[in-house]
Amino acid sequence: MANRVPAHGLAEQGIDTAATLHWNLGTAGLVEQALQRGEGQLSKDGPLVVKTGKHTGRSAKDKFMVRDGETEGTIWWDNNKSMSPEHFAALKADFLAELAKRETLFVADLHGGSQPEHRVNVRVINELAWHNLFIRTLLVRPEASELEGFAPDFTIIDLPSFIADPARHGCRSETVIAVSLSEKLILIGGTAYAGEMKKSVFGVLNYLLPAKGVMPMHCSANIGPEGDTAVFFGLSGTGKTTLSADPARTLIGDDEHGWSDTAVFNFEGGCYAKMIRLSAEAEPEIHATTKRFGTVLENVVMDPHTRELDLDDNSLAENSRGAYPIDFIPNCSDANMGPVPRNIVMLTADAFGVLPPIARLTPDQAMYHFLSGYTAKVAGTEIGVTEPEATFSTCFGAPFMPRHPSVYGNLLKERIAKGGVHCWLVNTGWTGGKYGVGKRMPIKATRALLNAALDGSLNNAEFRKDPYFGFEVPVAVRGVDSAILEPRETWADKGEYDAMAKKLVGLFIDSFAKFDAHVDQGVKEAAPTAA
């Protein structure tokens, strides 16, 4: 049997601890440890159920990048908070002192990325067994034969019990997520929300891969029966997970991918799905994971006696989550990757009721909409939101972008042009009026239009040019009511549509102004106009 304890241990990294080290335990061993240590409970059907305490989501305001010679000219500092090397040194010293005092630690050696030539070796050191199980589930698990020779490129130390000192550590609160790209070290303290580890690895890959000409993407991806890969960009609530989960297509992954010269590859080996109000009818494949041993359920309410789950109960968190290996989803890719894309789909839920259900984009328009990253909040989703409210999250994932958005936008444009990729904007939002007046775009119509785009038949349709956004919109598509393809015609008051369209155009233009100096003339000309 292969040795699961690597030759390159913690001492070789300058980490001195007398703790009992649990190296590269499998799922059963980590579940057993978590139960023995009182970190969670098993539900009736097998998943490990845990609570994350007061942090039930990412602590974005507590995340810092060390500002030094490596990062001074490469990080998008408008979007990333800085920490001085001196403060990081103090934080690191205190983390190492904590490790030295621990009696037990859990260590997992993993890959970030499925394509061997573009992955990073990540070592994760945890005080909690369930955290170690979580990250082992979410990242790519090496073969047992690879572990003995494993040497980390990056190391994450995650100590939820650590209390940061803003004065000593240069942070904001008792919670801290600090990333040193120079030291290849990530320190997470004061939060038990496990997603911080996953997104920290995503951030590292978003920094490293563009320098190699590889496009990192916050997207889902699947493969059609003809070997045609499609990627789906989209913010929360736009249908990224739902529309990529197609029984007729093979799932590569649901959240984070890279696009190299030869493949689209999943950064992860698992999925991290929202569980609140999950429906067996609407999402049967994901719902089935709530009945599997090996799934980790965060902040899901469970009856203490029957161990039955109540997925509708949000008393612990609205952001209840489940982590499970990707092979828990039927029809997933064995290789965790597929060919380079034939189609790119940018999803938006337009609550203004202005955008068509599907539009074909030129490479310049694709870059414009990628940098814009538009969707809309609707009344009732957040306190104080009473009217549709535009949200622009550049590259459909601004919180995870260490470099300037133009770096990712230019990479995308180059790859689209090089591969002759078809680009589509799909609106899963409202038709017939804004939110509260119109109705949600029929999912049946969205799927029919998406299928026509992905199988190539939509390219043979007749198109019209949208007067406001300039992209091409099909005039008629088999199996779809032609009325919804012309948004203005679905509004009772055409003048009101024109006013709302001009309002949305203005929001796009205002949001994009910060990129004008970083894009070429073609992308600038792809901007919408007030007709």
Side-chain angles (χ1 to χ4, degrees), residues 217-222 224 228-246 248-249 254 341-363 365-376 378 388 390-393 395-397 412 416 421-432 435 438-459 461 463-466 468-487 490 504 508 526 528:
M217 303 179 292
H218 189 214
C219 69
S220 58
N222 63 25
D228 56 300
T229 298
V231 299
F232 300 79
F233 293 104
L235 299 171
S236 180
T238 58
K240 178 163 60 87
T241 298
T242 301
L243 291 173
S244 63
D246 183 336
R249 299 175 66 87
D254 77 330
R342 190 178 301 172
N343 288 280
I344 287 174
V345 179
M346 297 183 190
L347 299 167
T348 182
D350 174 31
F352 294 91
V354 169
L355 296 179
I358 196 166
R360 185 167 63 184
L361 306 176
T362 66
Q365 289 169 342
M367 183 173 173
Y368 185 93
H369 284 276
F370 179 68
L371 289 176
S372 295
Y374 164 71
T375 192
V378 297
T391 298
F392 294 92
S393 182
C395 307
F396 296 98
L412 182 71
I416 288 170
V421 182
H422 299 295
C423 301
W424 309 92
L425 183 70
V426 170
N427 174 24
T428 60
W430 275 258
T431 182
Y435 173 82
K439 60 182 181 180
R440 194 75 191 250
M441 198 72 69
I443 185 67
K444 185 177 179 182
T446 300
R447 284 206 175 275
L449 291 167
L450 190 56
N451 289 340
L454 299 186
D455 69 21
S457 61
L458 191 55
N459 285 309
F463 287 83
R464 65 174 178 85
K465 184 176 179 180
D466 186 272
Y468 291 101
F469 285 84
F471 42 47
E472 294 183 316
V473 181
V475 174
V477 178
R478 187 175 178 181
V480 177
D481 180 2
S482 294
I484 69 167
L485 296 173
E486 172 53 278
T490 67
L504 184 58
F508 264 89

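What you see below is based on every heavy atom in this structure, not just the backbone, and it leaves out hydrogens, waters and symmetry mates. Just so it is clear, the structure is predicted and the values come from calculations on it, not from any experiment.
- Smallest separation of non-hydrogen atoms from Tyr368 and Pro528: OH-CD, 3.4 Å.
- Looking only at distances, a side-chain donor or acceptor of Arg249 sits under 3.5 Å from a matching main-chain atom of Asp228.
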* To do: Walk me through it: do Leu355 and Trp430 pass the test side-chain contact (heavy atoms from CB on, under 4.5 Å)?
  => CA-CA 8 Å; Leu355 296 179; Trp430 275 258; over 6 Å; no

* Test Thr229 against Arg342 for side-chain contact (heavy atoms from CB on, under 4.5 Å), laying out the working first. => CA-CA 6 Å; Thr229 298; Arg342 190 178 301 172; over 6 Å; no

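- Residues Asp246 and Asn451 meet the side-chain proximity criterion, which asks for heavy atoms closer than 4.5 Å.
- Between Phe233 and Phe370, some side-chain heavy-atom pair lies under the 4.5 Å cut-off.
- Between Leu361 and His369 there is a side-chain heavy-atom pair separated by less than 4.5 Å.
- Looking only at distances, a side-chain donor or acceptor of Ser220 sits under 3.5 Å from a matching main-chain atom of Lys240.
- Atom CZ of Phe463 sits about 10.0 Å away from atom CG of Leu485, to the nearest 0.5 Å.
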* To do: Any chance you could lay out the side-chain contact (heavy atoms from CB on, under 4.5 Å) test for Phe232 and Ser244, step after step, and finish with the verdict?
  => CA-CA 7 Å; Phe232 300 79; Ser244 63; 3.8 Å; yes

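- For the pair Ile416 and Cys423, the minimum side-chain heavy-atom distance is below 4.5 Å.
- For the pair Arg360 and Phe471, the cation-pi criterion (under 6.0 Å, within 45° of the ring axis) is not fulfilled.
- Looking at every heavy atom in both residues, Ala476 comes nearest to Ala461 through O-CB, 4.1 Å.
- Inter-residue side-chain proximity for Arg464 and Asp466 is flagged as met; some heavy-atom pair is nearer than 4.5 Å.
- The side-chain contact (heavy atoms from CB on, under 4.5 Å) test with Val477 is passed by exactly one of Leu458, Ile358, Ile484: Leu458.
- In this structure, Cys395 SG and Met217 CE are separated by 12.0 Å, a value rounded to the nearest 0.5 Å.
- A side-chain hydrogen bond (donor to acceptor under 3.5 Å, both in side chains) with Tyr374 is found for exactly one of Asn427, Asp350, Thr238, Thr348, namely Asp350.
- Contact detail for Val480 and Ala448: the closest heavy-atom pair is CG2-CB, 3.8 Å.
- Atoms CG and CG, from Leu454 and Asn343 in turn, are 5.0 Å apart once rounded to the nearest 0.5 Å.
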* To do: Take Ile344 and His422 through the side-chain contact (heavy atoms from CB on, under 4.5 Å) test and state the conclusion after the steps.
  => CA-CA 6 Å; Ile344 287 174; His422 299 295; over 6 Å; no

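- Taking the side chain as every heavy atom from C-beta outward, Arg447 and Thr242 approach each other to under 4.5 Å.
- Between the side chain of Gln365 and the main chain of Gly470, a donor-acceptor pair closer than 3.5 Å is present.
- Counting all heavy atoms, side chain and backbone alike, Pro357 lies closest to Leu449 at CB-CD1, 3.6 Å.
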* Take Phe508 and Phe469 through the ring pair (Phe, Tyr, Trp, His ring centres under 6.0 Å) test and state the conclusion after the steps. => CA-CA 10 Å; Phe508 264 89; Phe469 285 84; 5.3 Å; yes

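- Closest heavy-atom contact between Trp424 and Ala453: CE2-CB, 3.6 Å.
- In this structure, the side chains of Arg440 and Thr428 come closer than 4.5 Å at one or more pairs of heavy atoms.
- Checking side-chain atoms of His218 against main-chain N and O of Phe396 turns up a donor-acceptor pair under 3.5 Å.
- Closest non-hydrogen pair, Pro341 versus Val421, comes out as O-CG2, 3.5 Å.
- Between Val231 and Asn222, the closest side-chain pair of non-hydrogen atoms is not below 4.5 Å.
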